[in-house]
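Here's the structure we're looking at; comments come further down.
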Amino acid sequence: MTISSTTNRVSYSGNGSTTAFSFPYYFLANADLVVTLRVESTGVETVKTITTHYTVSGAGEPSGGTVTMLTAPATGESLIVYRAPSAVQELDLIENDALPAESLEQALDRAAMVS
C-alpha cells in the first residue's frame, strides 16, 4: 500500500439520525482513529471511546472504513475523525530470514502516517 495523501481528517455535521460516517483514508488498526464530538455553539470537544461510543470497520483496507456511532450526533454537533497511530515500531526483522515485504511495507506505512 502506498500513502498518497497527507489528508487524515474528516468532519461531519450531525443531524440526529445518521450514525455511520466514512473515513476514506487508509488506517492500520481501529485504535489508530480518534473520534471527537464538538458542540458548535460552545466549541467544546469531547473525545469518544471506541466500543463505548462507536465502532470501527475497515482497518487495513486501502479505501478506509466506517465509524459507526452508537448514538447519532445531534444537529449543532460536529463529528471529527482523524488518524493518529501510535509512534511505535513493531517490526522485528531476523537476520538471514527472507525479507517479509508486506510487513516491511506496513511498517513504512505506519511511519508515514505518524510523521
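One is the number of the first residue; the rest follow in order along the sequence.
Put simply, the side chain of N8 gets close to the backbone of R83: a donor and an acceptor are under 3.5 Å apart.
In this structure, the side chains of R9 and I80 come closer than 4.5 Å at one or more pairs of heavy atoms. In this structure the side chain of V81 reaches within 4.5 angstrom of the side chain of L79, judged on heavy atoms. Residues V67 and L33 are in side-chain contact: their nearest non-hydrogen atoms beyond the backbone lie under 4.5 Å apart. Side-chain contact between L70 and T19 is absent, with no heavy-atom pair separated by less than 4.5 Å. Side-chain contact check for M69 versus F21: some heavy-atom pair is nearer than 4.5 Å. Side-chain contact between K48 and L37: present, with at least one pair of heavy atoms (C-beta onward) separated by less than 4.5 Å.
Screening residues 66-76 for side chain to side chain donor-acceptor pair (under 3.5 Å), with sequence neighbours left out, gives no hits.
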When the side chains of residues 10-17 are checked against the rest of the protein, which donor-acceptor pairs come out under 3.5 Å, sequence neighbours left out?
from	atom 1	to	atom 2	distance (Å)
Y12	OH	S22	O	2.6
N15	OD1	S17	N	2.8
N15	OD1	S17	OG	3.3
N15	OD1	T18	N	2.8
N15	OD1	T18	OG1	3.3
N15	ND2	T18	OG1	2.9

Expected list for residues 39-46: side-chain donor-acceptor pairs under 3.5 angstrom, two or more places apart:
from	atom 1	to	atom 2	distance (Å)
E40	OE2	R38	NE	3.1
E40	OE2	S78	OG	2.4
T42	OG1	V44	N	3.2
E45	OE2	R38	NH1	3.0

Before you tell me yes or no, could you show the steps for T36 and Y82 under side chain to side chain contact (heavy atoms under 4.5 Å, CB included), namely the whole-Å CA-CA distance, both residues' side-chain angles and the distance that decides it to 0.1 Å? CA-CA 9 Å; T36 303; Y82 60 94; 4.2 Å; yes

Determine whether V34 and V47 satisfy the following criterion, side chain to side chain contact (heavy atoms under 4.5 Å, CB included), listing intermediate values before the conclusion. CA-CA 7 Å; V34 176; V47 175; 4.2 Å; yes

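Taking the six-membered ring for Trp and the full ring otherwise, the centers of Y25 and F27 sit at least 6.0 Å from each other.
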